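Just so it is clear, the structure is predicted and the values come from calculations on it, not from any experiment. First the proteins, then the strands, lettered A, B, ... as listed; each starts at 1.
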Amino acid sequence: MADLAITRELNPPLITGHPSYADVTAKVSGITEGRMPRVWYYAFGVTVTITGVLIAMLSYLALTGIGVWGNNQPVGWAFEITDFVFWIGIGHAGTLISAILFLLRQRWRTSINRAAEAMTLFAVACAGLFPLFHVGRPWRAYWLFPVPNDYLGVWQNFRSPLMWDVFAVSTYATVSALFWYTGLIPDLATLRDRAVTPARKYIFGILSLGWRGSARHWRHYEKAYLLLAGLSTPLVLSVHTIVSFDFAVSLIPGWHSTIFPPYFVAGAIFSGFAMVVTLMVLAREVFGLKNLVTMKHLENMNKVILATSLMVGFSYLIEFFTAWYSGNMYERYAFYNRMFGPFWWVGWLMVFCNVLAPQVFWSKRMRTNVPVMFVVSILVNIGMWMERFAIVAVSLSRDYLPSSWGNYRPTYVDILTLTGSFGLFFTLFLLFVRFLPMISMTEVKGMMAADAPHQVGEGL
Amino acid sequence: MSPLEDPVIEQPEPSSGAAAAPAEPQRQIYGIVAEFEDPHELLKAVRAVRHRGYEKLDAYTPFPVHGLDRALGLKASNLGWFVVGCGIMGAFAAVLLQWWTGTIGYPLVLGGKPFFAPEFATPITFELTVLFSAFGAVFGMLFLNGLPRYSHPIFEHAQASRLTDDRFLLAIEAGGENFDAEQAIAALEAAGGKHVEVVAE
Amino acid sequence: MNCHAQVKKDSPLLQPIRDAVATGKPVPWVHIHIMPGYVYFNHAAHVNSGVSCVTCHGRIDQMVRVRQAKPLNMAFCVDCHRNPAPNIRPVQFVTQLGWKPDGDPAAIGRELVARNHLQPPTNCSGCHR
Amino acid sequence: MSETGRQYWRSLQERANSPDVERWLQNEFPEGATELDAPSRRSLLKLMGASLGLAGLTACSRPVEKILPLSKGVEDYIPGNPMYYASVISLGGTATGLVVETHDGRPTKIEGNPGHPASGGACSAFAQASVLGLYDPDRSKTVLRNGSPASWDDFARFAAGHFDPARIGAGERLRFLSLRVNSPSLEAVRAHALARFPKARWIEYEPISEDEILAGAAIAFAKPVRPHYHFDKADVVFSLDADFLGLDSNNIAYIRDFSKRRRISSPKDTMNRLYMAESRLSITGAMADHRLRMKTGAIRDLALEVARNLNLDVPAASGPNAKWAAALARDLARSRGRSLVLAGPRQPAAVHALAHWINHALANEGATVTYTETGAAPELPALKQLAQELRSGQVETLVILGGNPAYDAPADLRFDAVMKNAPVTIHLGLDPNETAGLAQWHLPEAHYLESWGDARALDGTVSIQQPMIRPLYGGKTAAEVLALIGGYKDRNGYDIVRNYWLPRWSAGDAEKAWRRALYDGVIPDTAYAPVEPALDAKRVAAALAGTAPPASEGLELTFYPSAATWDGRFADNGWLQEAPDPITKLTWDNAALVSPATARRLGLETEDIVAIAAGGAEIEMPVWVQPGQADDTIAVALGYGRRRAGRVGRNVGHDSYLLRTSAAPYVTGAAINRTGRKYKLANTQHHFVMEGRPLVREATLEEYRKDPDFVDKIAETPKLFSIFGQHDYSKGYQWGMAIDLNACVGCNACVLACQAENNVPIVGKDQVTRGREMHWLRLDRYFTGPEDDPQTVTQPVACQQCENAPCETVCPVAATSHSPEGLNDMVYNRCVGTRYCSNNCPYKVRRFNFLDWHKGLQEVEKMVFNPDVTVRMRGVMEKCTYCVQRIQEKKIQASVEGHRELRDGEIVPACQQTCPADAIVFGNINDPNSRVSQLKKQTRRYEMLAQLNVKPRTSYLAKVRNPNPELA
């Protein structure tokens, strides 16, 4: 018992207001059953419209050619790959929360992991769009997958980092989806059992796969969940590592850098957590989840943001140091160009948003202040996008031969496509909170049981 | 139990005791089912009932109750083997794909690199290993649990609709040796179970 | 019309040819064996290496109406380019679609491949330019 | 081939029999116009059917799956195999011999004629691009009478009446105006016509005039002889503002001769030394070992200074360059008989005369410079008189045979206005240009590739101009029209030319000689005999004394021919419009070039629009700040701002003819004012500094002799190693290339040759500003030294065919891979367009089809495509492959010819074939005796960015300059 006392001191209850199991069920399921608050409909209307813009832009692109973007020689990749890396990065926080914190026994994850995982899926969906549509001939994009064909007899080039990307991203999407769905099964069963309309009963009946919470099942279920967490952890690290290979394996100054893998992963977690904060702050305001998503959750996330911000800042320093120390004139110029070239403002914006802004979280007052954390999280998202742009496009604009140096100006299509991808992301997220439990009832109840005052351990 | 340990996923170590073999000849009734309001009562009841010699038990809970599987005398899950097997398959498939297409399928000189080399085969091999393992974990779990399943007798119980909400059901399944409905009902009531019902097959 | 000035002078089958000669308007031929625009096939290179018509066009001589007999896809070409021997014969026989050598054709092919150092390209620019 | 030449023509005759053909061609294949955005050689096959059986086509509706053979065979013709015919192109009154490649009756590629003195196998950018002009859909297609369609018969009927001697008499009021005539047969027809109308007069006018050259000779020798320079014999060359490697000469033989003396293979070799004085940085100036930038007008003083140092009795003149002139004079004196002084067309006659005098004094006459008597005379005075007569209404009939005087005559003559005073104006022209719009009769002219003729080269050598295809739009040549007007005995070009030449050969073998002439592309013994005119020093001195010393203050404006449109006649040629100017790298525009210092003084920036006032007129055009431009001078290219031209050329750039007067056709004072407005210029290179990177490596001859391995010292290359074993390239053919930066003059011919050979699309000004130009081969140009007075280096860069190609590694679908012969193959039909390869290419030589560049292309425009090269669709990457189609063609030929080995030099990529400087050499680097291997053995050899261990197959030979030690 003594150790439990300590436990409670170290981990004060994460669920405040002493709700009962039924309260949790009612609160969380209730959101998906009752009418949405009016603000939901407004928001949904807006995001759907923006998604429409995305569809329009992508169709225009596919019908006309990459020329509708600002890309050129030498800047073959610009907005599209920047957006791709950006969204993949966002996705990483979800997996981190659901898998890594799970393995680290961070119990505070329980009320946010479901939403975080959903965010991962939707972010990866948005990310996937860009490589798919950035190819000159989208109708040939399936050539990127090793589909056997007797007709040509030719295969993919597995030496290409882009090929690694295809496997990494599709694996990541699949595993994230499995992990998310596995976690959902018991809650889907709950919705099934609460369902009043035959339609809901039928749909959730199918989705919950006939789950009945048998003790025999729980034992395999928990094992599966643990294993998925164990698999997702190296996976999530590998995905951004491989994304960074796209650049690290090339020979372009500003790309050709060995510190990219850890640098990119840290950046991904950084931007991802910022996005989670943005979303959760909104969600708990709109749906009144203050008892489930407590200030402790937000504060912990802000701590992670601060830590990763320091890592990212350190990576910047190392990058510049390496360039200078290498004595390689091309490397040196690339980084000089990043901060003082035509795109100087991108470089400085990235340093301000990613390194300076998060430092306010050293103060507890700041990292527990909702408006402040909201603003910082937005800044971080902007800054991380700029970082990717600086790496992808700015490096390309001036590489080896001064004769071939070029400039880059995005077109309205570039900008609207990026905007549209946010529309898609939020549309999916709004649909998620509308139809699925955005908090894992099973886990919350399990934790309540653990926190319950009259604990019965096997000590008896 | 260490302070940071999360009770939800505590690892059951293998315990002795008769296994609850699911494969049983057809029965008229599924078993006797009682409802409890909280996991601790349930645990107490399980122990009590087993004390009376009932081994063929199953419990139904809205969340994994810590220590329940040991109380019921369930063996640890053997899902891990599925996953390992699938992982190895994935790795093998990946290497085969990259080696065959590069050296047999259509050998092409690309960037002066060899037709196959572990250096550039590693990332994809890793990814496919993870992918196959993940499939193994999810579909293995469903397979071991006999899911998806359309229906189950337990749903006949009056409180079944709350077993995914806030109620905890304990079932003495018919077919255990010296199973007797009357005594089973008595045993469950004695253990403090409410809504003690005979649930038909 | 050289030969057909005598042979089958008034066969209806040759009417189009007579018209063409009379009017100077060419006979429109139906394009059967169509290669995609990005594939470059050179008859001289193949015929002079001893690849027979029949290899790609089948038994044209036995067709009432000409049709494409072989897949003529990339895999089809590459197979032969990797292992030409089975389809190589002495140049004088390339037009004899029914050619039956005494002895193993593959052996003859191997011998010719060796003698003429035939190394059909299997790299991309062999056919795509 | 002489056989086939004739046979081929006969087959054209056979095709000629259907009048529908014209109609069908005029509406440019309306039905079933196929998109070329799918890389479809099938559509080209249909085209082949088209040009094969035009007559037949008019009958059928060309269903896709039908192919049409020739109804009557052509001797030696195998469908799909190209045929080559000798012909000739004329520009500015001088001819270059050509060999034209035709595919199934479509001329697709121009090459130089190795047997022709002015070509030697090479040809200029203009010649390379001229084939595109043939298929220009905006060419004149019908006879126009007062702007409304008519037929040749209408004109014939009109001409018969109008030029009836009974009516027009001796032709007192009849005037002919033509471009410079260099065709013997046309001269014959002209002679006949002028005999018929004795009082008529014939005026020749080229806007890019040689008047001062001829006038200068007239001063020095009392007759307008034409100088010919022999740079291969000259050790020291002093050019007084003569861009003889570039735009001031249509004779690319000069480039060949000059580069002979720049090419060195060992430190022991000697090379020539070039001194240049000019105001605008020209490619000749870029090649110079010593270049003085000065006002065009000040060059006279420099010349006098040099002459005085050579103890010639010339008027005193003070220049700031005494030391320079003295050193130069000593250098010239040291190499008597092996030196050469020449002056450019912008220099006044007196300076030309002085140049002749100096050459005379240095005993260069007959050695490095020879003279011929051509009877050519200054043109401008005659044109002025014509304008005067027109103004005063003395001209009843004006026949303009080619040219565009309404656009390019000196502005003060108001030619477009006075033209209207002639009751009858007849204009023959390739396109409906400004003059055509003012003429009563406009007659479509036949392109040189579709008509018979003959032409003299600079040295007088005559070549027969053979047609490759029947006139697409039924055009006629000047000779044919003149024959019609003057009632010449022969009416069609073939008879005119043939019957002119046959009598000139002894009856017996006349036919043989004719065929020989067609086959060789030159008629033997037709070159002018050199004359040795006596120089009259006194007259020269007097003339020099007569010329005023130049105005030292104020801005000086000079005009120069455009490297893209020449005098404006190529304005409709997209290839030329998009070819970056060799010096400014501007495309699709001309600009007012000013030096950085002058720009600072006047507060101007690149792309500022300024108003330039000169010659009583004012035009607005953008500024381009050009390092190397002389201070206080403005240089403006002619030939832009065409008001009446095709879709490509209309209103491209700004018309500087408006500032050009007959008094000052080349140099004038000008005032310049900022308008405060900006104008977007499309240039293909934004950064001209090498940032200290060892890309172009150069040394002086001295340094080279001291340290033959200087290239390796310029950049230390780390020890290269790969974690992987390398593939074996030691067997079979291994293709490689060596580019001698010392020989390359940067004339753009290779760029255009590559474009023509490889179906490289044009993208237009807007896309160039977005950085999407498609040239596979580009000329990188860097400046070294001070910004105001830099030295210039030019470096041709195409795909380097790296053995460890970074582009191949990253392509996910293996669309670019390596051939066993070391080629970096690019498979357009496999490419999905990730652009990763281009990103990872350190040389940035890959080009991406960002849009469908062939959208809306008319069938007639597609006829220029080379069927041996895939036409790329949008969304795929493309790049140079060392002309792999030519490699394959020759390899197949070798295997057909008994599986023989290829000979060195048998395979020639387009860029090498046309290079007048012979700076590019391609071959098998596995053969130690091949030319390319020999070059790669030189110590000057280096690879760009070798430290990346990409192992490029293209090597460069470092540039070596030969400055005068006295001036060091």
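A donor atom on one side chain and an acceptor atom on the other are not found under 3.5 Å apart for Q800(D) and N824(D).
In this structure, chain B has no heavy atom under 4.5 Å from any part of S819(D). Within the 4.5 angstrom heavy-atom criterion, atoms from both the backbone and the side chain of L110(B) approach chain D.
Counting heavy-atom pairs closer than 4.5 Å to chain B, the top residue among A805(D), C807(D), P806(D) is A805(D).
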Chi angles and distances behind the salt bridge (Lys or Arg N to Asp or Glu O under 4.0 Å) call for R167(B), D165(B): CA-CA 6 Å; R167(B) 286 296 183 269; D165(B) 175 5; over 6 Å; no
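Using cut-offs of 30° and 60° for the angle between ring planes, the F922(D) and W735(D) rings count as parallel.
At least one cation-pi condition fails for R953(D) and Y882(D): the charged atom is not both under 6.0 angstrom from the six-membered ring centre and inside a 45 degree cone around its axis.
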